[in-house]
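It should be emphasised that the depicted structure is a prediction, and the values quoted were computed from it without experimental measurement. Just follow the structure's listing: the first ligand is 1, and inside any ligand the first atom is 1.
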Amino acid sequence: MTSCFSRIPVIDLSLASSPTGRADLLSQLRHAVTAIGFLYISNHGVPEKVITDLVDILPVLFALPRKAKDEVELSNSPHFLGYSKVGAEMTAGAKDRREQFEFATELPDRWGEASGSGRPGYERLKGPNQWPSQPPHLRRIVERYIEELTNLGTRFLRLVAESLSLPAETFFPFLSEQHRLKLVRYPASASPTGSDTESTSTQGVGPHKDSSGWWTFLLQASPPKVKGLQALNKAGGWIDVPVIPGTFVVNIGQAFEVVTNGICKATTHRVVSGPLERFSVPFFQGVRGDLTKAEAVGTLRDKFASMGMLEPAESEEGRNIDSAFLRGKYDTWGEAQLRTKIRSHRDVGVRFYGDVYERYIHDD
Ligand SMILES: O=C(O)CCC(=O)C(=O)O
Ligand SMILES: [Fe+2]
């Protein structure tokens, strides 16, 4: 259950290799994943240069002329990869004020091959990136970062499993070969002189639970004076998640909430833009498209029940998880995912997914 937390814990992953620190780490992690759903990790093992290369290239990338950004527009891509301009996305019924480049693990488009016919439509979410030709080295830097975060994600999942008293590799069978990442820029919101931050703040991204992955590993790529990210506690309070250099913010996505029968909650969060421009890089660990609801909910239920984790008071909450995947009419994670993508990028839906477009748009 997401508790009434007032701060987000910082968990030092280097304790994992200390014989005395490991038990401490696992107990801190267990509390963070079952009671908060949001945490920072420090000493995470991703080389500093891999991170600084990415952070340094963001202002250069976003300073590209409009024409260069439009050449890699997301609407060209059946895989929903590429550039989206400010205002292209809506969350919680309002327009988000951010621009972004979306990339993923580089994969061939197997759906489009003759031998791929008959594959489900969601397989088409996998495919090649659209790489802008400038700045130089962008592709190398992003690919290196994806590689490191993929490995971090795997190491982290082992620890989470252990913290829940499960075998270390419990969550691996749910993973996809594709992980997605966004390079995001929130423009500074206009700030009339003398007015306070609250009245000039705008929706960078509205309140949401992450729907596109398993776990999210977020790099806040701006200095600590730049605020914006907030997580919602059980009392309805928005708790600041300030920039802490050297850390990633880690939070639970909806599929993980489903697989853990609601024991680990996907915590609602948002970004409120202020007077300073802000950059961030969320990395969404991918979930296997053919994961069914029955498998997602059933695999661990007996295990959790036998460990006494699904007590009667909690089980109802666990079974009523607020997840589009469970509530929707589609049986696989891949279909639920494709539907979400088409509904937020309708031009891509019309252009590449004509066979399901009408059904996905009108099925609420
Ligand atoms: O930019 C951030 O700090 C958070 C972004 C986010 O929550 C998202 O893209 O899902
Ligand atoms: Fe998010």
J.: Looking at Arg98, which atoms of ligand 1 are within less than 4.0 Å of one of its heavy atoms?
T.: 5 (C), 8 (C), 9 (O)

J.: Strictly below 4.0 Å, N to O, side chains only: are Asp363 and Arg339 in salt-bridge contact?
T.: yes

J.: So if I count the atoms of ligand 1 from 1 in the order they appear, which ones are less than 4.0 Å from some heavy atom of Asp210?
T.: 10 (O)

J.: Any idea which part of Val184 is under 4.0 Å from ligand 1, heavy-atom wise: side chain, backbone, both or neither?
T.: neither

J.: Using a strict 4.0 Å cut-off to heavy atoms of Ser280, name the atoms of ligand 1 that fall inside it.
T.: 1 (O), 2 (C), 3 (O)

J.: What protein heavy atom sits nearest atom 8 (C) of ligand 1, and how far away is it?
T.: His208 NE2, 3.7 Å

J.: Just which atoms of ligand 1 are under 4.0 Å from any heavy atom in His269?
T.: 7 (O)

J.: What's the verdict on side chain to side chain donor-acceptor pair (under 3.5 Å) for Thr267 and Asn251, showing C-alpha distance, side-chain angles and the deciding distance?
T.: CA-CA 7 Å; Thr267 298; Asn251 66 278; over 6 Å; no

J.: Out of all atoms in ligand 1, which are within 4.0 Å of some heavy atom of Tyr186? Include the element for each.
T.: 1 (O), 2 (C), 4 (C), 5 (C)

J.: When you look for heavy atoms under 4.0 Å from ligand 1, do you find them on the side chain of Gln220, its backbone, both, or neither?
T.: neither

J.: So if I count the atoms of ligand 1 from 1 in the order they appear, which ones are less than 4.0 Å from some heavy atom of Arg278?
T.: 1 (O), 2 (C), 3 (O)

J.: Is Glu48 atom CD crowded by more than 12 heavy atoms from other residues, nucleotides or ligands, each under 6.0 Å away?
T.: no

J.: So, do Phe217 and Phe156 have ring centers that fall under 6.0 Å from each other?
T.: yes

J.: State plainly whether the residues Glu177 and Arg110 are in salt-bridge range, i.e. N to O under 4.0 Å.
T.: yes

J.: Pro282 heavy atoms, cut-off 4.0 Å: which ligand 1 atoms fall inside?
T.: 9 (O)

J.: Check whether the side chains of His269 and Asp210 place a donor and an acceptor atom closer than 3.5 Å, and report yes or no.
T.: yes

J.: At under 4.0 Å between heavy atoms, which part of Arg270 makes contact with ligand 1: side chain, backbone, both or neither?
T.: neither

J.: For Asp210, what is the atom name of its N, O or S atom nearest to the Fe ion (ligand 2)?
T.: OD1

J.: Would you say Leu229 and Val10 are hydrophobically clustered, going by side-chain heavy atoms of ILVMFWY under 4.5 Å?
T.: yes

J.: Pick one of side chain, backbone, both or neither for how Phe284 approaches ligand 1, counting any non-hydrogen atom pair under 4.0 Å.
T.: side chain

J.: Examine the proximity of ligand 1 to Val249 and report which part, side chain or backbone, both or neither, has a heavy atom under 4.0 Å away.
T.: neither

J.: For Val271, take its heavy atoms, then give the atoms of ligand 1 lying under 4.0 Å from any of them.
T.: 1 (O), 2 (C), 3 (O), 4 (C)

J.: Hey, do the aromatic rings of Phe256 and Phe174 have their centres closer than 6.0 Å?
T.: no

J.: Please confirm whether the ring centroid of Tyr145 lies under 6.0 Å from the ring centroid of Phe283.
T.: no

J.: Looking at Glu169 and Arg158, is any side-chain nitrogen of the basic one under 4.0 Å from a carboxylate oxygen of the acidic one?
T.: yes

